[in-house]
Structures are given as C-alpha cells and as structure tokens.
Amino acid sequence: MPDITDLLFYGFAGLALLFGFLCVANPISRSPVTSAMFLVLTIVSLAGLFILLHAFFLAAIQVLVYAGAVMVLFLFVIMLLELKEEERRKFRKFTVGAGVIAVAVIAGLLLQAVFKAVPFGTGPTVLAEGLTQPLGRILFTQYLLPFELLSLLLLVAMVGAILLTKKELK
Amino acid sequence: MSTKIVDRKPLSFFENSYLPTLVSGLKVTWKHFKKSAIQGKPLTMEYPEQKWVVPQGYRGAPYLVKDQDNNTKCVSCQLCEFVCPPKAIRITPPGPNGAPADRKNAEKSPAEFEINMLRCIFCGLCQEVCPEEAIFLQKDYSLTGESREEMVYGKARLLQLGGIHGGIQKWKHKLEEAKEQEVFPVHAE
Amino acid sequence: MNVFDYLEPTTQFVIFSAVKIALVFGVTMTFVAYAVLAERKISAWIQDRVGPNRTAPPIAKYLPVIGPILVRLGMFQPMADGLKFLLKEDFTPAYVRKIYFWLAPAIAVIPAFLTLAVIPFGSTLGNPENKMVIADLNVGILYTFGVVSLGVYGIVLAGYASNSKYPFLGGIRSSAQMISYEIAMGMSVVAVFMVVGDLNLGAVIQYQAKYGWMVFHQPLAFVIFLISAFAETNRLPFDLPESESELVGGYHTEYSSMKFALFFLGEYAAMISASAMMVTLFFGGWTLPFISEPASSLLGGLLHIAIFIGKLSVLMVVFIWVRWMLPRFRYDQLMDLGWRRFIPLALGNILATAIVLAFISI
C-alpha cells in the first residue's frame, strides 16, 4: 500500500498531465476560454507538486502570480477580443506523420533518461526554518545579478508595452 | 446672458488627502444614526400601528349615505354612472314595474347599485354631480379584498359603509354654499 | 481518558480538524446571515428609517419578554431571507454559456471561505497542542493572497458567461479593480512582516502581544490595507462594478435565487475574511493588552474567541458605516488611486521600514 505522499504525487501529476492535455486537445469544446481555464487548473496542480516538495513559498507564489494575475489577464484579452472557436482543419498525412515522429523522438529521450538514471539522495530536505528565509538569503547574495537582470527585463517589457499602445503624438 | 465663469479654488493639500471629507461624512452619518437608533426617532411612520391624520376634504372611497331619518337618499337618477370617467358605477334602475322607493318624497330607488372599487379613481365627480347628495367620498383609503369579485361593492355594503350624513336639505345647502363662494349671484326671494 | 485518546495521533488530528472546519464554516455562515441583517438595520438607521422589524415566526409568540424585542430588532429576518433564496425560481436564460454560468458563483464563493483557514481565531482550548487555527501554515499570508487572487475568476467568468453588455462591463471592471488592489494590499502587508520577521500569522499575534498593536507601528500600512480591502470586496466607495444605479446589477444581473445568493454570501464572507485578516495583522487577533497569554483552560480559550469575534464585529460595522458615508469613485479615479498612489506609498513604506530596521539592528 503506497503511502499518502506517493498517492498525492500520482494524483497531482496525473491531474497536471490530464489538464495539460485537455488544454490543447479538448475534444468537447474548442473555445479559447476553455483552454485558458484548463491551463489555470494545470498551474494549480503544479502548485500542488511544489507543496509535495516542501516548497510552500514557491507554491503560493505560483498560484498568486501565475494563476491569479497572469491567467486573469490572458482571459481578459481572450474575452475582450472575442476570439472565435478554432475551426477543425483537415488532417493531412504529412502533418500527422511529422507530429508522430517528433513525439516519438522526445518520448525516446525521456524514457532513456528515466531508465538509465541513478537515484541519489533521499528526497527533498525539510528545512527547519521553512523555505522563505533561505530563499531570500540566496536571492539577494548569490543570485543577485540574475535577480536584477530579471527586474530590468520586466521594466523593458513594461516600457515596450506602454510605448506600443501609446497613440501617435501629432 | 453671457456665461459667468465661476472661480474654483484649487484644493489644498489637506483637502486633497480626503481627510476632511471623511471626518464630515462620519459626523453626518453619526448624527443620523444617533437620532434614529439611540434616541428612537426615525422618520418612519410604522403603519399600521401608527396611522396618519386624514386631512379635511380627502377623497377616499365613495359610499352611499342615508339621511337623518335613516332613508336612502339615492333616487337612481344615474347621473353619477354617466359622469364616472372609468365607468366604475353600474346602476340597475327599477323600471316601470319595479319596487317603489322607501321614502315618501322619492319617485324611485335603484334596484342594484354597484361600484367597482378596482376601477374607481377617486376623482369625486360623482359626489359633485349628485343632485340628492347621496354619494360621498369618505375618508377610507385602505381597501383590500381577496378576489376581484369581492371588490365590487353592492348597494347594501355601500349603504352600510356610508352611514348617516344627515341634517341636509339639499337645495338650501347648495344655496348657502353658493352664497359663501359667491360663484353665481342668487337673488333672495 | 476518553475514547478520543485511544486513536492514533493522525486520526485525532483529522477529527479535530474536521470539527474545527465544520464549526468555522457554520459560524461564518451565521455571521454572514446576520451581517446582512446588520447591514440592513444600520443603513436604515443612518438613513432615518427603521430596518426589518416585523418578521416573526410562530415561536416568537411563546418567548415571554425577549420575543417581541427580537422581532423588533429583526433577528428572525435572516431566516426569511434564506427561505426566500431557497424557494425562488432559479432561472437560467437561454443565451448564456451554461458551464461558466453554473461555475461562476461557486468560484466566487469558495475563496472567500478558504481564506478563513489560516486565521487564528483563538489561542487554544486549554491543550497547547490543539491550536484554534485550521491550518497553521508557515506561509499563511501568501496562501491568503493566492486564494484571494483566485477569487477574481468568479467575477470574470460571471461577466463572460452572462453573454450580455452590462454584466460583461461589470465583470471586466470588477476584475481589473480587484487585481489592481491586490498588489497594493500585498505590498502594504510586506512591511508588517518585515517588522515581525516571520510569515506565520500566529507569530504576528505573539509579536503584537509583546510590543503592542501593529496599527500603531505601521499606520500607513493599515490605511492602505483597509482601503484595498474595500476595493477587493467590491464595497462602496469602490462598488462601481455592481453599482446599482449604473449597471443594473453589474456582473450578477442575470443571476437569480440560489446563484445570486452565492454571490451575495461570497461578498459578505469576503468582507468577514478581510476583517479577520485586519484584526489578526493590525489589531492583535485574539489578544487584549492584558489578556495575552495562550489560554490554559476551556473558558480562557472561549474568551479569546469571543474577543476575536468582538473585534471582527467592530470592523464589519466600519465596513457598513463607510458604505453610507462616501460617494462612489469614478472608475479612472479608482484605478489612479490603486496604481499611481497606493503602490508608490506602499513601496515608500517598505523602504522606510527597511531603513528603520537596519538602523535598529546596527
């Protein structure tokens, strides 16, 4: 009888895979809003996986930022632009063949990695003080340069967005 | 008229921080709350425990009246039926073979007199036009019933609700009223 | 030794948590029903009228003295309201997008109740292991904000599903307002946690028990949090999305009976959880200046819970009071306040707090 952690892992991982699949290949409805909602569910399942790795901070931030803000803005755009449902295209042999070959190659690589891998360690270490303080410490000392570069990247994106939507000054 | 531009003073920093508005809002709401809840004086009149005073001349529901000798005043002239704007009054005259009137000065009395209270608009034209002063709009304002048929009041009910409006000799009263209003000159005989 | 102690610790924990969850849910639902009544009565008194004062079930006749007083106070009105919501016709218009129409009220209501899971509403009931909080998370505040940001979906989907102009406008406006003020709310609270040093909500209460209420240490953070809480729960003066005179009903125009009841409940439950967060973070939670030790007996534990509920009620009255005090903000003024004034203010607050803490620790 596998213990509860393994069961939860299989559950969350299965849900993440299922929702990811339904996001792109939904057989029932092809509207973009449905895909966006399934993406939200995928993100929440991933947050569950983070919790199983004892990374509570990351899980909460994932839900807060990704599911709570980014996907809401995705939904805004989809709803405001009133994107129509995608029409079913004809299946062409070449496309199907190329897709199958690509999936086979990637699956082959992944399966090789899984079967040849050697386990190390005993799983995630549970820090006594939780994740937040070590994360903060590392982020501001060891990984300070990537942190500042990321904030610069966000600033560039913001300025670009404002510039693109600004009306031409006569 | 040319337009007059009104000077708007720019808001001071203190006013811009919205604090004076908040404080004055608090004061106003607290004043009203104190008056209604703590001193117990809200503006609501809690009907039906507290009722309002019906003013003089209020046009309530029209009812048939009897005179001081308990005789029905209505002589079935059907003037009120013809003047009623929404046609709320329906009178069945007695006809040539009908029952005689129940007082000695009257020629006839209505066989059936119905007012549909749901159609009545309480305008008072029937009271104005009645030559016998038999129908009066009294102070009853809350009429309820549980079906449309129930709200069509028959003669017996109208007489019962109307009561006695006695002590009037109709033409003498109208002469006195006219003299008071000086509407038309009446030469005293 | 009762039968409870013979079970394994995990089973004990599960049963105790289930009891806590049921109690918190029940008490919150009752609170929500009576918050609706309090809103009606208090807004009536502020407007020089009397609120509901006539609802009397047959049992009120049999209570000797207190029956008529309760009826005059309208205490039985929530029963009538609940019955009305249950018995009204639940109408689904033909042109709505059915799945989202049915999902949206649920998604709107669930986050409001989920945030109550991390709030310590008491200390203990005498046994130091049984804490009066459903989930003593180490990242309690982040969980709260994550769940609150999921609540935006309910309104977005409600506006989208209704497939009609006014709800769509109301939904878009409301969700834009909510995500703007989430940022200000989160940033204003960062300063509180910098001072405390721990993200655990129980640690915040212990800090306040030692050093005084946080509202005196961080008044600017409290003001920003209070106003952002008004904006998050779509309450006046920020209720443009559901403004009753402009947008008919806003995003819940097309909803009737139980679904509307869920939106309504969700709004009041969100108010209650926002007030609970404010009580925990700024007003000392279940402590009073001289009652700050964790309880050592059942009676002490209940006293702490009563203190918490008392403070919560005061904040709910403030919510209701402010509704009738201020006129509604225009939408561009609202967004201007959220982005251009609160975020710089909150960032400045964080900077000032950081500088002060750095000086103190030197």
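Since the structure is predicted, the reported quantities are computational estimates derived from the model, not experimental observations. Protein chains get the first letters and strands the later ones, always in sequence-line order, with residue 1 at the start of each.
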Non-hydrogen atoms of Tyr153(B) and Arg157(B) that approach each other most closely | CE1-NH1, 3.4 Å

Measure distances from Leu22(B) to the heavy atoms of chain C and classify the residue's part below 4.5 Å as side chain, backbone, both or neither.
-> both

Considering only heavy atoms, which portion of Leu326(C) lies under 4.5 Å from any heavy atom of chain B: side chain, backbone, both, or neither?
-> side chain

Lys/Arg N to Asp/Glu carboxylate O, Arg72(C) vs Glu46(B), below 4.0 Å = yes

Taking every heavy-atom pair that is under 4.5 Å apart, which of Asp48(C), Ile46(C), Asn53(C) has the most such pairs with chain B?
-> Asp48(C)

What part of Arg341(C) gets closer than 4.5 Å to chain B, counting heavy atoms only: side chain, backbone, both or neither?
-> neither

Scanning both residues in full, the closest heavy-atom pair of Leu334(C) with Tyr181(C) reads O-OH, 2.7 Å

When the ring centroid of Phe329(C) is compared with that of Phe238(C), is the distance short of 6.0 Å?
-> yes

